[in-house]
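Letters A, B, ... are given to chains in the order of the sequence lines, protein chains preceding strands, and every chain is numbered from 1.
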There are 2 protein chains.
Amino acid sequence: MKKREKVTIYDISKKLNISAATVSRALNDNPKISKKTKELVAKTAAEMNYKQNRLALALKKGRTNNVGIIVPYIDRSFFSSVIRGIEEELTPHGYHVIIAQSHEEVANEMEQINALLNTQIDGIFMSVSKTTQSADHIQKVLDEKVPLVFFDRKIEVKGVSSVVLDDFKGGFMATSHLIREGCKRIAHLSGDVNLEIYRNRYEGYKAALKEHKIPFNPSYVLQTSSKIESGAQAVEDLWQLEEKPDAIFAAGDYAALGAIQELKNRKINIPQEVSVVGFSNEPFTKYLESPMTSVDQTPHLMGKIAAQVFLEQVNESQNYSIEKKVVLDPELFVRDSSNRTTLNLQNAAI
Amino acid sequence: MKKREKVTIYDISKKLNISAATVSRALNDNPKISKKTKELVAKTAAEMNYKQNRLALALKKGRTNNVGIIVPYIDRSFFSSVIRGIEEELTPHGYHVIIAQSHEEVANEMEQINALLNTQIDGIFMSVSKTTQSADHIQKVLDEKVPLVFFDRKIEVKGVSSVVLDDFKGGFMATSHLIREGCKRIAHLSGDVNLEIYRNRYEGYKAALKEHKIPFNPSYVLQTSSKIESGAQAVEDLWQLEEKPDAIFAAGDYAALGAIQELKNRKINIPQEVSVVGFSNEPFTKYLESPMTSVDQTPHLMGKIAAQVFLEQVNESQNYSIEKKVVLDPELFVRDSSNRTTLNLQNAAI
DNA sequence: TTGTAAGCGTTATCAT
DNA sequence: ATGATAACGCTTACAA
């Protein structure tokens, strides 16, 4: 492949018989440069098809205007929406977004962090993997004084900002909704307890029961993975019980879908006999034959706010340890799978 | 924010009283460096928490090991899957992936291209926007001798490699399948004709009709957008006709879903009275009450192959104009929405 | 085997 | 208003 030849400010300076410094200043609209030279330089640069080499700029300035995003998988609806939010907020500020996947493995997470630090990114956005327990690898980021923002899945690290959903509230809303619909024996399909988000959804569930004076029954709580089969299995297990549940609040939409499928297998009426609520508001939930009620995590907004938090952090020049914790409100989309009473007109539209 | 201090090879060289060049060589495992020095340098580097500045390396070498990907929207299931494929193929080779969105606007596409070229990416992957007509902005990429690979949506540019689906075949397979299921009056909901992919699906549809000696009826072809309402509207229009269709092949899953919804409104039996086939195999299609038949575009594979094409291109050092056109085979997932005869066991599993 | 010095393309400091 | 020069952190001839 032929070496690609780049036009530099030196080429322009030679052609115009002026110094490279002048060209640089003219290009940067420095007030000390005469209008005439500026125009001349601009014109010549365009003619020669000059393009600024942002690499050299980055080396000089010590910042690349690149940020890294580390997520478990980029093709999950939730994560790709967050990424989109970040991209859209940051692009107008001249930043570029580098993405990396952890595949839910803390080892990959470490590698990706190192690789990103090597490329001199100006910041890192990250949603930790399921297997992340300690904060050792996170500490390296802080040591380098690279701004870090957690979103959705975080671990507690002093001095690190985060933007997360109020998962407690989400669990509380979902459960309260079921109670309002008349459900009394509400089961909970919880997620991986290693992740704070699932613990919080569970706590929200318990709090709602308590507030409505409904006794908490531990045998109604099963841990599931975010797989359809896992949700179906949970129903099988629950239906071994003497007292069957009359509602299921799943901490994830896939588990909820599996539950629905197994309930239908058993000819159980949804929502009349058993109501179901999921979590995440995955796109598929609203396209089901009887659409599923689910808690929306506002991922696009989460991305945008995470980006804003980063921008604030970068612009604060003095104190080097601002920590901002943003907690977003979840939104409950009530659909057929839990709607025993009236049709919620507000959310009936797609 | 405190200026972050970086450890350079000079810091190491001072501490060890050797030259920076030796440090550099030792770090790069240069055979001319003694084992002893290498070990010493490695140890000291680790102690001092040295991290290579890949920016300086990039400036020196003229390559960043970053590639850019431009897609209409990153949070569309198809695109995020392709991106995932590219990322997974390229990460082991030390590349990082920068993503950018065009929002289906050619103007944004141009801006993103320029921005990416400025950051000195080593290659660009791109799926053109709906509004892209000419190749002027593409030519700039070629002028800079930056490897370019189109995926899925391409425009014809001499010397540019591409990885696309055989959309003709996809349309042909879908239509032939419907014919085999006994359908005689097959309607087609086509997509934006500005995009080659939709024209090809349409051509595949026509070819299948022809092969089976089924007369082509232009009033059975309607242009739709990739919206649910658009598919529903199409059914309304089609059902004005004297001779109603007995099958619908939609060039997109959302239009197909809209069609299904409207057919159900009209109490029309699917698939017995009208069979429906979509295109893209969006995740939601298999979770529908009666899952939808759809043509899969193997996006993850498409990403991986696009990445491989790029790698080949980079490694070819001599001729600077290898053009590779890869065409992937679509895969038909037969599900309930078109399955009049037997259950296809092979694809029955989720 | 190791050291010296130039260079990648900018910008910033200090002169003029 | 403009020019000369150093510096960002690294690699790589060329010397030694």
Side-chain angles (χ1 to χ4, degrees), chain A residues 3-42 44-45 48-66 94 117-122 144-145, chain B residues 3-42 44-45 48-66 94 117-122 144-145:
Chain A
K3 182 83 180 174
R4 60 178 123 136
E5 299 143 31
K6 298 164 195 167
V7 183
T8 74
I9 51 172
Y10 277 90
D11 299 324
I12 300 179
S13 76
K14 264 177 227 155
K15 185 157 199 166
L16 261 34
N17 274 321
I18 55 179
S19 79
T22 305
V23 175
S24 171
R25 283 189 273 248
L27 255 17
N28 288 301
D29 203 26
N30 186 311
K32 305 199 144 187
I33 298 291
S34 75
K35 202 170 179 181
K36 212 175 70 182
T37 347
K38 273 184 194 171
E39 283 166 1
L40 186 63
V41 169
T44 319
M48 300 178 72
N49 194 29
Y50 166 79
K51 290 231 163 54
Q52 185 189 48
N53 185 333
R54 303 189 76 240
L55 216 54
L57 210 189
L59 180 60
K60 183 85 226 260
K61 295 249 172 129
R63 35 196 293 270
T64 53
N65 271 31
N66 287 156
L117 289 176
N118 282 174
T119 44
Q120 310 297 116
I121 41 46
D122 293 347
E144 305 268 332
K145 303 256 186 300
Chain B
K3 180 83 180 175
R4 62 178 121 136
E5 300 142 30
K6 298 165 195 167
V7 182
T8 75
I9 51 172
Y10 279 90
D11 299 324
I12 300 178
S13 76
K14 264 178 227 156
K15 184 156 198 168
L16 260 34
N17 275 319
I18 55 179
S19 79
T22 305
V23 175
S24 170
R25 284 188 271 247
L27 255 17
N28 288 301
D29 203 26
N30 186 310
K32 305 200 144 187
I33 299 290
S34 75
K35 201 170 178 181
K36 213 174 70 181
T37 342
K38 274 185 194 169
E39 283 167 359
L40 187 62
V41 169
T44 319
M48 299 178 73
N49 194 27
Y50 166 79
K51 291 232 161 53
Q52 185 189 49
N53 184 334
R54 303 189 77 241
L55 217 53
L57 210 188
L59 181 59
K60 179 79 214 205
K61 294 251 173 123
R63 34 197 294 271
T64 53
N65 270 32
N66 287 157
L117 289 176
N118 282 174
T119 44
Q120 311 296 117
I121 41 43
D122 292 347
E144 305 267 334
K145 303 256 188 302

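Between Asn53(B) atom CG and dT11(D) atom P there is a gap of 10 Å when expressed in whole angstrom units. One atom, CG of Leu57(B), and another, P of dC8(C), lie 16 Å apart when rounded to the nearest Å. Spacing between atom CD1 of Ile33(A) and atom C1' of dG3(D) amounts to 10 Å, rounded to whole angstrom units. Atom NZ of Lys32(B) is separated from atom P of dA15(D) by 14 Å (rounded to the nearest Å). For Leu40(A) and dT2(D), the CG to P distance is 10 Å, given to the nearest whole Å. The interatomic distance linking Arg54(A) (CZ) with dG9(C) (C1') rounds to 14 Å, in whole Å. For Lys14(A) and dG3(D), the NZ to P distance is 15 Å, given to the nearest whole Å. Rounded to an integer number of Å, the gap from CD1 of Ile9(B) to P of dC8(D) is 12 Å.
In terms of modelled atom types and a separation under 3.5 Å, the side chain of Asp122(B) and the main chain of Thr64(B) share a donor-acceptor contact. Judged purely by atom type and a 3.5 angstrom limit, Asn28(A) has no side-chain atom pairing as donor or acceptor with the backbone of Asn30(A). Counting only distance, with no hydrogens or angles, the side chain of Thr44(B) and the backbone of Leu40(B) share a donor-acceptor pair below 3.5 Å. A donor-acceptor pair under 3.5 Å links the side-chain atoms of Asn65(A) to the main chain of Gly94(A), judged by distance alone.
Where Tyr10(A) and Pro31(A) meet DNA chain D, the nucleotide closest to each residue was compared, and Pro31(A) sits on the side nearer the 5' end.
Of the residues in residues 19-29 of chain B, those placing a heavy atom less than 4.0 Å from an atom of DNA chain D are Ala21(B), Ser24(B), Arg25(B), Asn28(B), in numerical order.
Atom CG of Leu16(A) and atom CG of Asp11(A) lie 11.5 Å apart (nearest 0.5 Å). Within the model, atoms CD of Gln120(A) and CD of Gln52(B) stand 9.5 Å from one another, a figure rounded to the nearest 0.5 Å. In this structure, NZ in Lys38(B) is found 4.0 Å from CG in Asp29(B), a value given to the nearest 0.5 Å.
Scanning atom types as modelled, one donor and one acceptor separated by under 3.5 angstrom connect the side chain of Lys60(A) and the base of dT11(C).
At the heavy-atom level, Leu55(B) lies nowhere under 4.0 Å from the strands shown. Backbone-only contact: Lys51(A) has heavy atoms under 4.0 Å from sugar-phosphate atoms and none from a base.
Taking 4.0 angstrom as the limit, Gln52(B) places a side-chain polar atom (N or O) nearer than this to OP1 or OP2 of dT11(D). Phosphate contact (OP1/OP2 of dT2(C), side-chain N/O of Thr37(B), threshold under 4.0 Å): present.
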TODO: Before giving the answer on side-chain contact (heavy atoms from CB on, under 4.5 Å), spell out for Val41(B) and Leu27(B) the whole-Å C-alpha distance, their side-chain angles and the decisive distance to 0.1 Å.
DONE: CA-CA 7 Å; Val41(B) 169; Leu27(B) 255 17; 3.5 Å; yes

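A salt bridge links Glu144(A) with Lys51(B): the closest approach of a Lys/Arg side-chain nitrogen to an acidic carboxylate oxygen falls below 4.0 angstrom.
For the helix from dT1(C)-dA16(D) to dT16(C)-dA1(D), the terminal axes (five pairs an end, C1' atoms, rotation from four pairs onto the next four) enclose an angle of 50°, given to 10 degrees.
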